[in-house]
Amino acid sequence: MKKLLALVLALVMLFTFAACGSAEKTLVMGTNATFPPYEFVDDNNNIVGIDAEIAAAVAEKLGKELEIKDMEFDSLLTAVQSGSIDFALAGMTVTDERKLSVNFSDTYATGIQVVIVPEGSAIKTVDDLEGKKIGVQTGTTGDIYCTDDFGQENVKQYNNGALAIAALKNGQVDCVVIDNEPAKNFVKANEGLVILKTEYAVEDYAAAISKDNEELLNDFNQALKELKEDGTIDKIIAKYIPAE
Ligand code: ARG
């Protein structure tokens, strides 16, 4: 009887500890779910997409639960720095500037900044953007490059790509600069828009992780490596980006 009591007590303690420890068993990802096919809100109000699935696969490898927080794109890096999220996975481009505030994981995808214009637009190449009104998502590399190259007065910032596209259709801007895969989605969903053949910039996507969390950086990279090697990443990407 005493033995049984001791066992029960031990089990109760074990569960109590497990429950206390569960906070650290959750990995919190921050994203901006306005960026199909990388992250978007589906008809059931779930955040889905390439990044959501890669994060789920990484979390599973690390034996953690995944929680996804949706926020403004330009708050993600501060959220990583403050620790309110463990990492940002948001089709985020690795840049030297951003590396000053966060660490980046190994890269898992390539992004290309492209230009969307109305069919028949006089804008044929990136050089033609000079003096034109350019729509961008606030804080993205499209925003940063266009501001640098064509002047802040010519760049109109929107909260997300869909709003920039709406402005393009209304004639409030002459073009939108955004990443190629979301661009394809937006053009498909909106008649009368085309993507210029000339690319503005080619970039790498990676997860942003706090400089104070070397351990997560290493774990994340290890998981990513395994998921690349066993074909999981390719499978996830192929699910959302049909081969042309
Ligand atoms: N690749 C661009 C950047 O890093 C745009 C990313 C936008 N991502 C998003 N989830 N809205 O600046």
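Start at 1 and go down the list; that is how both ligands and their atoms are numbered. Worth knowing before you read on, the calculation uses all heavy atoms, side chains too, and leaves out hydrogens, waters and symmetry mates.
- The nearest heavy-atom contact from the protein to atom 8 (N) of ligand 1 is A90 O, 2.8 Å.
- Counted by atom type alone, D149 and Y200 present one or more donor-acceptor pairs between their side chains at under 3.5 Å.
- Atom NZ of K235 has 12 or fewer neighbouring heavy atoms from other residues, nucleotides or ligands inside a 6.0 Å radius.
- Using 4.0 Å as the threshold, D179 has a heavy atom nearer than that to some atom of ligand 1.
- Other residues, nucleotides and ligands contribute over 12 non-hydrogen atoms within 6.0 Å of the CD atom of Q222.
- In terms of N/O distances under 3.5 Å, ligand 1 is not approached by Y205.
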Does F73 form a side-chain contact (heavy atoms from CB on, under 4.5 Å) with F35? I'd like the steps, not just the answer.
CA-CA 10 Å; F73 182 76; F35 201 67; over 6 Å; no
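- Residue contacts with ligand 1: Y38 is excluded, as none of its non-hydrogen atoms falls under 4.0 Å.
- When each atom of ligand 1 is checked for a heavy atom of M92 under 4.0 Å away, the hits are 4 (O).
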Assess whether side-chain contact (heavy atoms from CB on, under 4.5 Å) is satisfied between S121 and D174, documenting all intermediate values.
CA-CA 8 Å; S121 165; D174 301 307; over 6 Å; no
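- Distances shorter than 4.0 angstrom do not occur between any heavy atom of G111 and any atom of ligand 1.
- When heavy-atom distances to ligand 1 are checked against a 4.0 Å cut-off, R98 comes that close only through its side chain, counted from C-beta outward.
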May I have the step-by-step check of side-chain contact (heavy atoms from CB on, under 4.5 Å) for F150 and V126, ending in yes or no?
CA-CA 11 Å; F150 304 106; V126 173; 4.3 Å; yes
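- Below 3.5 Å of separation, one finds no N or O of T31 facing any N or O of ligand 1.
- The ligand atoms of ligand 1 that sit less than 4.0 angstrom from a heavy atom of F73 are 3 (C), 4 (O), 6 (C), 7 (C), 8 (N), 9 (C), 11 (N), 12 (O).
- Set against the non-hydrogen atoms of E203, the atoms of ligand 1 under 4.0 Å away are 1 (N).
- Within the model, atoms CG of N159 and OG1 of T34 stand 8.5 Å from one another, a figure rounded to the nearest 0.5 Å.
- Summary of contacts: the protein heavy atom closest to atom 6 (C) of ligand 1 is G91 O, 3.3 Å.
- Summary of contacts: the protein heavy atom closest to atom 11 (N) of ligand 1 is N32 OD1, 2.8 Å.
- Residue K156 forms a side chain to side chain contact (heavy atoms under 4.5 Å, CB included) with just one option from L168, V173, V176, and that option is V173.
- Those atoms of ligand 1 that come under 4.0 Å of a heavy atom in Q137, given as number and element, are 7 (C), 11 (N).
- Between T93 and ligand 1, at least one N/O pair is under 3.5 Å apart.
- Applying the 6.0 Å contact sphere to CD of Q152 captures no more than 12 heavy atoms from other residues, nucleotides or ligands.
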